[in-house]
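Please read the structure below before turning to the comments.
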Amino acid sequence: MQDATRRRFLVGGAVTVGAALGPRVLRASAQAAPLKIGLVLPYTGVYAVLGESITLAMELVFARENWTVAGRKIEMIKEDDEMKPPVGIRKTEKLIDSDKVDILTGPVHSGILLGMRDKVHASKTILIVSNAGADDISRSKCSRWIFRASFSNWQPNQPMGAWVAKNVAKDVFIAAPNYAAGKEQLGAFKETFVPAGGKLIGEDYPKLGETDYAPYLTKIKQSGAKAVYAFFSGSDAVNFVKQFDEFGLKGSVKLTGAGFLTEPDVLPAQGKAALGVITGHFYTPLLDNPTNQKFVKDFQAKFGGKMPDGFACQGYDTAEIIVRAVKAVNGNTQDKDKLVDAIAHQEFDSPRGRFRFDAKTHNVIQPFIYVREVKEATGGLNNVVIDRIANVADPGTGCTLPA
Ligand code: BEZ
């Protein structure tokens, strides 16, 4: 790209003024057009720890780039969605209409993602989803402007149904919070659990943010289930896993679930109550690839020994995609077709393995879904890989890109 063209999109109207003032001033003003990245994440509430992990990992990548990409200073505009869809939608509108962000990321909550979707699509804002798994975003509600660097709710759970039926138990009770992600994650589990000979002994959907699981644990105890498969995350995961143990269920009922149940964001608070829990996820900080080893080392060095989790891996990948794609278009975020194309073609070594998007859906293809068991490892509790399933892509039913 010609230098003059590049400067024009970077500074917009400032080009005219810059041209009158001379090349040195022009270069200085060109640098003043920041790359604005809007974050819609929970910094309060049940999923606050998730929002924090995503943000810290993004900061780690941007700090590595000295907070500059293709000559543009990186500016993160963080908005707390408070885990409330109306708040998340309002913050999205503010970031798009007032802040005029170049790229949007977040959210954590599937309901917020579904609520943001039409605004993002209609305004042609590029959104790189850094957590929320709402399946429809890779299916009937897919959009050429939306990419997902995390997972669809289906991905970590669908392979686990058959695995649990074969390796853990046939009589299983399932539980998750009562909202889109809870229903979708357990639905994906059932998809392979029942055909593999599994029998659903019962299912329950406590409210998101429940603090007392006693009534649900009583039902599980009385059901005669041999195992439980659960999706809970953030403070819900802490409370469920601890109360499951306190209730005396651990001795007789095997606890299994989606990886979010025992991620390193909650493991220290769960303590030994989490020992032996088996979950499926695309990541564990124990993966022995060089990118992950460096990521874990750098993350721990920068953030006081904190262990990165899957959410941090998602933040890392989101930031890595932004840096690589913005470099590929020489900083030109105005030509959105080119930027979308650059994002779609990113492929790199991520802490989770080789990162690539599915061209059919713009959703990440998981190199592996790891079956992990919480054990004492590397001086504390961690998720140790005991099995793995390769190349897990969302079916993408109903998605026809470009949409
Ligand atoms: C979701 O709402 O999509 C979600 C939240 C926490 C962990 C995983 C998924």
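Each ligand, and each atom within it, is numbered from 1 in the order the structure gives. Starting from 1, each residue takes its place in the sequence as its number. This is a predicted model, so every value here is computed, not measured.
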Do other residues, nucleotides or ligands put more than 12 heavy atoms under 6.0 Å from [X] [atom1]?
{"X": "Lys94", "atom1": "NZ", "result": "yes"}
{"X": "Arg139", "atom1": "CZ", "result": "yes"}
{"X": "Lys141", "atom1": "NZ", "result": "no"}

Looking only at heavy atoms, is any part of [X] under 4.0 Å from ligand 1, and if so is it the side chain, the backbone, or both, or is it neither?
{"X": "Ser110", "value": "both"}
{"X": "Leu113", "value": "neither"}
{"X": "Phe232", "value": "neither"}

**Request:** With Phe260 as reference, evaluate Phe232, Phe151, Tyr47 under the ring-ring contact (aromatic ring centres under 6.0 Å, His included) test and give the passing residue.
**Result:** Phe151
**Item:** Nearest neighbour in protein (non-hydrogen) for atom 8 (C) of ligand 1
**Value:** Phe151 CZ, 3.6 Å
Just going by heavy-atom distances, which of [options] is nearest to [atom]?
{"atom": "atom 1 (C) of ligand 1", "options": "Val129, Val46, Val108", "answer": "Val108"}
{"atom": "atom 9 (C) of ligand 1", "options": "Asp236, Asn131, Leu208, Leu261", "answer": "Asn131"}
{"atom": "atom 7 (C) of ligand 1", "options": "Ala134, Gly259, Ser233", "answer": "Ser233"}

**Message:** Measuring from atom OG of Ser223 to atom CG of Leu200, what distance do you get when rounded to the nearest 0.5 angstrom?
**Reply:** 11.0 Å
**Message:** Yes or no: does Leu50 have any heavy atom under 4.0 Å from an atom of ligand 1?
**Reply:** yes
**Request:** Determine, using heavy atoms of Gln185 and all atoms of ligand 1, whether some pair is separated by less than 4.0 Å.
**Result:** yes
**Request:** May I have the step-by-step check of side chain to side chain donor-acceptor pair (under 3.5 Å) for Arg72 and Thr333, ending in yes or no?
**Result:** CA-CA 11 Å; Arg72 299 178 67 176; Thr333 50; 2.9 Å; yes
Atom indices of ligand 1 within 4.0 angstrom of [X] heavy atoms, with elements:
{"X": "Ala132", "answer": "3 (O)"}
{"X": "His109", "answer": "2 (O)"}
{"X": "Ala181", "answer": "1 (C), 2 (O), 3 (O)"}
{"X": "Gly133", "answer": "3 (O)"}

**Message:** If you define the side chain from C-beta out and look only at heavy atoms, does anything of Glu376 sit under 4.5 Å from Lys272?
**Reply:** yes
**Asked** Counting both backbone and side chain atoms, is some N or O of Tyr179 under 3.5 Å from an N or O of ligand 1?
**Response** yes
**Asked** Any Lys/Arg nitrogen of Arg144 or Asp337 sitting under 4.0 Å from an Asp/Glu carboxylate oxygen of the other?
**Response** yes
**Request:** Verify side chain to side chain donor-acceptor pair (under 3.5 Å) between Ser53 and Asp309, making sure each step is shown before the conclusion.
**Result:** CA-CA 7 Å; Ser53 282; Asp309 44 37; 2.8 Å; yes
